[in-house]
Each structure stands twice: as structure tokens, then as C-alpha cells.
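Every heavy atom of this structure was used, including side-chain atoms; hydrogens, water molecules and symmetry mates were not.
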Amino acid sequence: MIVGIGNDLVDLDRFRRVLERRAGLVEKLFTESEREYSLRRTDPTERFAVRFAAKEAVLKAMGVGIGAVDWHDIEVRRDEDGQPSVALSGRASTLANQLGIESWRLTLSHSAIVAQAVVVALGPERLVAALGPVGAQPLPHPDAIDGGGLVPIVTPSEMNEIDRLAPEPVEVLIDRAGGAVARAALEMLGGAYGRRVVVLAGKGNNGNDGRNAAERLRTHGVRVTVVDAADAPEILPDCDLVIDAAYGTGFRGEWHAPIAAPGCLVLAVDIPSGVDGLTGSCFGDVLDADATITFAALKPGNVFGDGLACSGELTVTDIGLDTRAASAHLVGAAAVASWIPEPAIDAHKWQSAVWVVAGSPGMGGAAALSTGAAARTGAGYVRVSTPGGATTEMPLEAVRMDISAEGWSSEVIADLGRFDSLVIGNGLGSGDSTKEQIRQVVAAATGRGLPTVVDADGLTALGTDVSRFVSEFTVLTPHDGEFARLAGHAVGEDRIDEARTLAAESGAVVLLKGRTTVVAAPSGEVLVSIAGDQRLATAGTGDVLAGIIGALLACGVDPLRAAAGGAFLHGRAGALGWRRGLVAGDVIAHLPAVLDDLTFLRP
């Protein structure tokens, strides 16, 4: 069976320039046998590049990063048939054994501009779960940025004010930050002996943090080179670790980072240089970090867009600054666990009943997915109603009660009092008469104080008149297009501010979908989830999210935390699935695994 797959591309021209400028790099990256084979060829660089791609692909297949093993632990050879193969030794061999890898399949190729390697790690045949890869974990690692409680998020301007109010002078804060960077660097290096570090330092406090770390590392015996960001060469000196302290969260504009030597690690200070600290956008080239250490609080740029993609492992370090006034927080697993109540010993199904009003001809799947997700998240009773009657099979556990094709709002309103939450809108359609029925039901639910999730066609029905129909008990779950229909304008770059403004203007909780999900309450409180990824970009997963939130509301979780907790559960259930080919139904099937693991984190 396949344990892992790795694919890597190497730009030949860039790789050639790096090798020409870095004496000794070939010896560092390649074994004697690899060097002997490659140097006999007409263009050794092509052979070296494809072997370097193979080494990185092996690391990817094992799910580890650069630095986990020595480069010489992975050797590309030719087998007795003349085919390329992989031989492991040292830490790489130990890791492969732990993962149950018995053999490798390797494909090498190159063109005039790029070298490519694809490796497949194979293990013994065994029965596995059908819906996701072996080894996937329901929850983040406890040390991950979203593995614990709530982590404050402040904008660059808010951080400046926090710095200004600090009781200690800036020199003390720089010394604390520099110490934290040095400790993180030593941990990444695995020690100090024989290690080489390049500190890319700018002129601001971010650069000062880097220079302070450089002095500390020198006292540990690390060979440190400090490079001024303004005069940095195209390619940085060869080293084991680059500390990126060029520019901080206040950077605006475009910056093209120098190239780090192949195989070296990158530690970003506060944020990868060149990333906008407010939006996460970048214009230019940045150094992709293996880890980013930031201070006191996350910045939006750490968790949105390019910033999240290139930050690597995020860590927030306390340097004595007061962030208690932060109104935005990143959601962690332990926080979500604390929000979801344990069912009472004498619980019965009507204590957590959800009514899903969804579906229409050709869109029955939306109703089925919302219903299934509500049931799998812990709703005791789920009723599903489709105007005109469902044309798609519904989950066996759900109670199907069809409603009239036209004028159905009165039928729903008459029975709302029996339920603990309502989910409405998914797949209902956007005809004028349907819009009016949706508005009447949402207004009635609001009048009763019934927690309600409005999604998909329900959002289109409310439109810019949304504030007339909703309350603080309503959760709106728009993607960017639906947000524009509610707000009357497209989503801007500052997604936290956009969600917060719509929540305040509408009076409802707003969940703005995206790679990073933002949930805002009318009060201004914001919760952010980074649990999801591109696997969820498939039809029907939004319907699943609506059902998850509906179930949490029915179980008594307040609307803000039900929405944020729902986004976290949704993302983690998706993370248990295959990296390619995940469908919405897989997410539903994985929900109990995530919920079960959360029970162990409850206080």
C-alpha cells in the first residue's frame, strides 16, 4: 500500500548559480557516490539537481521537513537494472521504519529549465479506513498554534499601541524578543556546534531583534553572519539556518528576498519579510519560512493569504506585553472542546432538535448533506423539510416531513417552537416567491429567539435588507459572493474588519468563509479558524458546515462559538480526508472522530 507520495521541482538555472557561488555545497548535499556519478556526465548540474529534487521528494513523502535528516542519509542510486532507486541510512532509515515504509518507487526527469522527481513510499498491504490516509490525526498537535486555547490577534496599529503602553523600555523588549529568537534557532538547529546562521536584518526593531539574536547565538559558538537587508546579495551565504528579520508586520510595498542556499532552514521573525501584516498579501518574493516566531499576539498577516502559506510552524512568545484588550482570537482545539457541552446523563432527543429546511428539484443533495452533518455533530433529532417534497434520499436517521411547494412558510412557522435550532437556505432556490418564504421564516425564528443558521439561497433572499430579519441569535455563513449580496459591496482585503462591520450593521453573527474563516459577533468580538484547507473547496461542504453549526446551536452553544467551533470541526474533519478527491460526504463521516478526540481536552 502507498504510505506517502512526494513530488519536487528544481529550477535548473537557479540551482546552477547557487552551486557556482557556494563552494562546498555539493559535498554537503551529495554523497561521494552521487558526486562521482554526476561529475562523469556532460552536464553535472542536471544530475545534481534531479538528485536534490529526489531527496526533497523523499522528505515530503515521509511528511517531514528539511533538517529532519542529514542530506547524506538519502542517496539516489541506480539499481541492477539501471533504474533510479533510493537508499536510506541514519535518521532517514529510522524514520522510514517507524512509518512502515518497505520500499520506494522513484521517477526522475528533467528538461532544459527544470528537474523533477516523484517518489512513492510503499508499505505492507493492510486494511485501512476508506475515507482518508493512514496516520491523519483528528486534532492539531498540542504545540501547534491552533492546538490549544484562544490566541490573541491584533493589527499592526494595535500592536504599536500595545508596545507604546509597555512599562519597559523598547530595549528591554528587543532583548526579550532576541532571546526568544535565539532559543528557537538553537532548537531548529539541534544544537550550536559547527552550525552556521545568516541573519537577514533590516533597520527597524525587527532587524534589532535579529541582531540581538545573532549576538546571543555567537556566545553559544554558532558562526553567525549578519546581512543588511538593504544591501543583501542575490544569494545568501551558505548556512544551516537563515533568520529572516528584514522587515516586520508594518511593511508595505514590494520586496524581493534574496535566495537561501538549498537545504537550509528559515526562521522568520514576527512575519516573513515582505508580507503585509494586516492582510497577509505580498507583492514580490519572500523567503518561505519553516517556522515563524511572533511576539505577544498573532497579526492578521500571520493567518491570512500568503502570510499563512509561507509562515511554516507559527509560535507566539510572551515578552511581557499586555494583549488582554484584543478583540480577535485564533481558535484552538482546547477552546472548542470547552465550548461543546457533554450530553446530560438523562438527555433525550428533543433537547437538541434541529430543523433543516432545504432542497428543491435538482438540489436535494444540499438538504441531505446539511441533515447528515447535523446528525453526526450530535443533534438528538433532525427533521428535514423540502418544499414540494424531497427527490433525494435523506439520511435514515433523519425525520422527513415534506412541506407544500408554494406558501410553505406558515407550515414551518407553526412548528418552530418544538426545535432548538433552524438551518435554512441550502438548495432552496432563488425565485421571488421562495425568497419571500425564507424571509418570513427567518423573521419568525428571530421573533421567537430561535438560534438560526442562514446559508446559501437563504442569504440571497435576505440581501441588503438582512438587518430587518435577523438578530444576535442568527448565524449568517456567506462566501465572498454571498457577502457582497448582503453588504452591497465586495469583500475588501481586511477580512476581519469586513466581517466585523457586517455583523455590527446586520445585528447577526457573520461567518465569512475562506481558507481562513472569520466569525464576527455584533459586539465586535471575532474568532478566526485556520483548520480548513483546499480540500474543502468542493461542492456541498458549505451545506455540511451549516448542519454542523445548527447542531452546535441546538446543543446550547452560543452563536459566535457555535459558528467558530463549527468552522474548526469542519476543517479538522476535512483534514482527515484524502488530499485529493475528498467529497462533502467524507467530511460528515469524519466528524465523530474529531468530536471524540475533543472530549479528551475538556477541562
*asked:* Test your reading of the model: is there a side-chain donor-acceptor pair from S421 to the backbone of L553, 3.5 Å cut-off?
replied: no

*asked:* If I take atom CG from residue L200 and atom OH from residue Y247, how far apart are they, to the nearest 0.5 angstrom?
replied: 8.0 Å

*Is the CD atom of E406 crowded by more than 12 outside heavy atoms at less than 6.0 Å?*
no

*Carefully, step by step, assess V357 and W408 under the rule side-chain contact (heavy atoms from CB on, under 4.5 Å).*
CA-CA 10 Å; V357 180; W408 47 265; 3.9 Å; yes

*asked:* Do D270 and I293 have side chains that approach each other closer than 4.5 Å (heavy atoms only, starting at C-beta)?
replied: no

*What pair of heavy atoms forms the shortest contact from T377 to A551, and how long is it?*
CB-CB, 3.7 Å

_S352 vs D420, test: side chain to side chain donor-acceptor pair (under 3.5 Å). Steps then yes/no._
CA-CA 6 Å; S352 53; D420 300 290; 5.8 Å; no

*Which atom pair, heavy atoms only, marks the closest approach of L536 to G571?*
CD1-CA, 3.9 Å

*Using distance alone, with no hydrogens and no angle criterion, decide if E411 and S404 have a side-chain donor and acceptor under 3.5 Å apart.*
yes

*From D288 atom CG to C310 atom SG, the distance as rounded to the nearest 0.5 Å*: 5.5 Å

_Basic-acidic side-chain contact under 4.0 Å: R495, E498_ = no

*Are V475 and V454 close enough, and set up right, to give a side-chain contact (heavy atoms from CB on, under 4.5 Å), and what steps lead you there?*
CA-CA 6 Å; V475 178; V454 184; over 6 Å; no

*Gap separating the CZ atom of F568 from the CD1 atom of I548, nearest 0.5 angstrom*: 12.0 Å

_Minimal non-hydrogen separation, A499 against V518, with atom names_ = CB-CG1, 3.7 Å

*In terms of side-chain geometry, is the basic nitrogen of D465 or R468 positioned less than 4.0 Å from the acidic oxygen of its partner?*
yes

_Residues D455 and T477: side-chain donor-acceptor under 3.5 angstrom_ = yes

_Could you walk me through whether V331 and V336 satisfy the side-chain contact (heavy atoms from CB on, under 4.5 Å) test, starting with their C-alpha distance in whole Å, then the side-chain angles of each, then the deciding distance to 0.1 Å, before giving a yes or no?_
CA-CA 7 Å; V331 172; V336 176; 3.3 Å; yes

*What distance do D480 atom CG and K513 atom NZ have between them, rounded to the nearest 0.5 Å?*
10.5 Å

*Within the distance-only criterion (no hydrogens, no angle test), does the side chain of E161 pair as donor or acceptor with the backbone N or O of E158 below 3.5 angstrom?*
no

*Could you tell me which non-hydrogen atom of L462 sits nearest to which non-hydrogen atom of V470, and how far apart they are?*
CD1-CG1, 4.0 Å

*To the nearest 0.5 Å, what is the distance between CD (Q440) and CD1 (I438)?*
11.0 Å

*asked:* Does E342, at its CD atom, have more than 12 non-hydrogen atoms belonging to other residues, nucleotides or ligands within less than 6.0 Å?
replied: yes

*Compare all side-chain heavy atoms of S327 with those of E525 and state whether any distance is below 4.5 angstrom.*
no

*Ignoring hydrogens and angles, tell me if any N or O in the side chain of T446 forms a donor-acceptor pair with the backbone of V442 under 3.5 Å.*
yes

*asked:* Test side-chain contact (heavy atoms from CB on, under 4.5 Å) on L476 and S506; report intermediate values, then the result.
replied: CA-CA 10 Å; L476 308 173; S506 68; 4.2 Å; yes

*Any Lys/Arg nitrogen of D276 or R252 sitting under 4.0 Å from an Asp/Glu carboxylate oxygen of the other?*
yes

*Euclidean distance, T249 OG1 relative to F295 CZ, rounded to 0.5 Å*: 10.5 Å

*Can we say R383 and D415 salt-bridge, meaning some charged N sits less than 4.0 Å from an Asp/Glu carboxylate O?*
yes

*asked:* Between S370 (side chain only) and V544 (backbone N and O only), is there a donor and an acceptor less than 3.5 Å apart?
replied: no

_N/O donor-acceptor pair under 3.5 Å between D306 side chain and C282 backbone_ = yes

_Quick check against the 3.5 Å criterion: does T371 have a side-chain atom that pairs as donor or acceptor with the backbone of A367?_
yes

*If you take all heavy atoms of A334 and L601, which pair is closest and at what distance?*
N-CD1, 4.0 Å

*Can you find a heavy atom in the side chain of L545 that is under 4.5 Å from one in the side chain of V453?*
no

*asked:* Could you go through K299 and T294, starting from their C-alpha distance and side-chain angles, then the distance that decides it, and tell me whether this counts as side chain to side chain donor-acceptor pair (under 3.5 Å)?
replied: CA-CA 8 Å; K299 318 310 178 293; T294 189; 2.8 Å; yes

*Side-chain heavy atoms of V384 within contact of V399, under 4.5 Å*: no

*Do NZ/NE/NH1/NH2 and the carboxylate oxygens of R376 and E397 come within less than 4.0 Å?*
no

*asked:* Do L308 and N302 have side chains that approach each other closer than 4.5 Å (heavy atoms only, starting at C-beta)?
replied: no

*Please say whether more than 12 non-hydrogen atoms of neighbouring residues, nucleotides or ligands are located less than 6.0 Å from CD in E313.*
no

*Is there a side-chain contact between L595 and L569, using heavy atoms and a 4.5 Å cut-off?*
yes

_Closest heavy-atom pair and its distance - S273, D244_ = OG-OD1, 2.5 Å

*Establish, for the pair R418 and W350, whether the NZ or CZ atom is under 6.0 angstrom from the six-membered ring centre and no further than 45 degrees off its axis.*
yes

*Between the main-chain N or O of V303 and the side-chain N or O of T516, is there a donor-acceptor pair closer than 3.5 Å?*
yes

*Step through it carefully: locate the ring centre of F283, locate the ring centre of W255, and say whether they are under 6.0 Å apart.*
no

*Using modelled atom types only, decide if a donor and an acceptor are shared between the side chain of T292 and the backbone of S311 within a distance under 3.5 Å.*
yes

*Less than 4.5 Å apart, any side-chain heavy atom of L560 and any of V519?*
yes

*asked:* For a 4.5 angstrom cut-off between non-hydrogen side-chain atoms, does T386 reach T392?
replied: no

*Counting only N and O atoms by type, is there a donor-acceptor contact under 3.5 Å from the side chain of R500 to the main-chain atoms of G524?*
yes

*asked:* Checking the side chain of T452 only, and the main-chain atoms of T474 only, is there a donor and an acceptor separated by less than 3.5 Å?
replied: no

*Do W355 and S385 get their side chains close enough for a donor-acceptor pair, meaning under 3.5 Å?*
yes

